[in-house]
2 protein chains.
Amino acid sequence: MALTQLTVVDTAVGILQQFGLADLSMRRLAKELDVQVGALYWHVKNKQELLAQVAAQLLNTPALSVAAADYESPAEAILQLARKLYLALLPIQDSPEVIEVATAMQATELQPVLQLRALLEAAGLAAENARHGQQLILNHVLGSVAYRQNLVQLDVDAPLADGFDWGLQRAVSGLIG
Amino acid sequence: MALTQLTVVDTAVGILQQFGLADLSMRRLAKELDVQVGALYWHVKNKQELLAQVAAQLLNTPALSVAAADYESPAEAILQLARKLYLALLPIQDSPEVIEVATAMQATELQPVLQLRALLEAAGLAAENARHGQQLILNHVLGSVAYRQNLVQLDVDAPLADGFDWGLQRAVSGLIG
DNA sequence: ACCTGAACACCGTTCAAGT
DNA sequence: ACCTGAACACCGTTCAAGT
């Protein structure tokens, strides 16, 4: 099987899902693909760019979008989108870190993040404020996922209600009161 | 000069402030202290615990507290505390990551975080909701700092108004409307 | 064009042995 | 009690050389 950008990224996603970011090294990735480490650098510039593509692969899926028409208000659509994101990222070890790398490079456009902004504008926020509101909500989603994953990792039995949803509701109501 | 826990942590804080987390390795730390790497492990259990103590040193300072009596409402005090935190963490490279390690281990109690919760209770939130509100605000502070620091690192000239304060105000008003 | 082999400059952690 | 020396099992990235 020929080594392509796609197979590299796909395999990286697999390692991330099964073992977490600590195990997603270039060397481990090469081993999984039966190839020398150096070969990877022909298909991907460096690890940072690889992680950005991994994030894109995780987030740019139709499963992580909402049809605005399905909800009676933009606020409802925003809540649902944020919840979808939260639930999708929770089972993927260290996903917040990976997504932060991607948004930091802002090289790849992450679809759910764009939709979040669009919905905030649809709710009546000016373009600039929609960007800031997107930040607030994304910070809360990623922060809550990271917090929850750390609890799991340390075998603290977390309360099922981790407060994500309560905080989300308060944030959205503050944004488009 | 004798090697103590305090000198180890202090030196670690110094490296973090001057060069960032990437340069804060046990080996670099040992070199700075003119000592072999192994010696560090007599004074600190491992790197994770070291980072937790670094976080505590950064946050447990009187400069990062507010006197509730100075503000006419708990909401005002909360805003000021969050702003102080944001401004204090901004110049310290990778500070959000360090603090996430500390809160993840929840071994060390971080004073400003506790005060944030107390102020939310003073504002009328039930104990459980105060914890969730604390999460929302802390997520926003750390997320915004991380976002801003990434912009600096990539030489993108950031807009002075990064939306932190606007988002913070909306969040607080959503929490204690 | 794509990959190997091998190197460079690093990591965190452990532990016998010294003082 | 505290530290050295040295090892173990890793990292990301580069690059001449092969095919």
Between C/dC15 and D/dC3, how far apart are the two C1' atoms, rounded to whole Å?
12 Å
**Asked** So, do B/Y86 and B/R148 sit near enough that their side-chain heavy atoms are less than 4.5 Å apart?
**Response** yes
Q.
Using only atom types and a distance under 3.5 Å, with no angle test, would you say the side chain of A/S95 pairs donor to acceptor with the backbone of A/L89?
A. yes
For this session: Side-chain contact test, heavy atoms from C-beta onward, threshold under 4.5 Å: evaluate it for B/V66 versus B/L119 and give yes or no.
Result: yes
Note, DNA chain D 5' to 3' with Watson-Crick or G-U pairs under 3.5 Å encoded as ( ), [ ], | and . gives ||.|||||...|||||.||
Rounded to whole Å, the NZ-P distance (A/K31 to D/dC10) equals 7 Å
Any side-chain heavy atom of B/H43 within less than 4.5 Å of one from B/L3? yes
Rounded to whole Å, the CG-P distance (A/L33 to C/dC3) equals 10 Å
> What distance, rounded to whole Å, do you find between the two C1' atoms, one in D/dA9 and one in C/dC10?
Replying inline: 14 Å
Under a 4.0 Å heavy-atom cutoff, the residues of residues 34-45 of chain A touching DNA chain C are A/V35, A/Q36, A/G38, A/A39, A/W42, A/H43
d(B/L85 CG, B/I137 CD1) to nearest 0.5 Å is 10.5 Å
Taken in chain and number order and not counting sequence neighbours, the residues that satisfy side chain to side chain donor-acceptor pair (under 3.5 Å) with A/Q5 are A/Q53
Please examine the side chains of A/W166 and B/L175, heavy atoms only from C-beta on, and report whether any two atoms are closer than 4.5 Å. yes
For A/R83, the salt bridge (Lys or Arg N to Asp or Glu O under 4.0 Å) test, sequence neighbours excluded, returns A/D165
Ordered by number, residues from residues 16-30 of chain B within less than 4.0 Å of DNA chain C (heavy atoms) are B/S25, B/M26, B/R27
Hits for side chain to side chain contact (heavy atoms under 4.5 Å, CB included) against A/S173, two or more places apart or cross-chain, chain-then-number order -> A/R170
Whether B/R28 engages the ring of B/F19 as a cation-pi pair (distance to the six-membered ring centre under 6.0 angstrom, angle to the ring normal within 45°) should be assessed.
yes
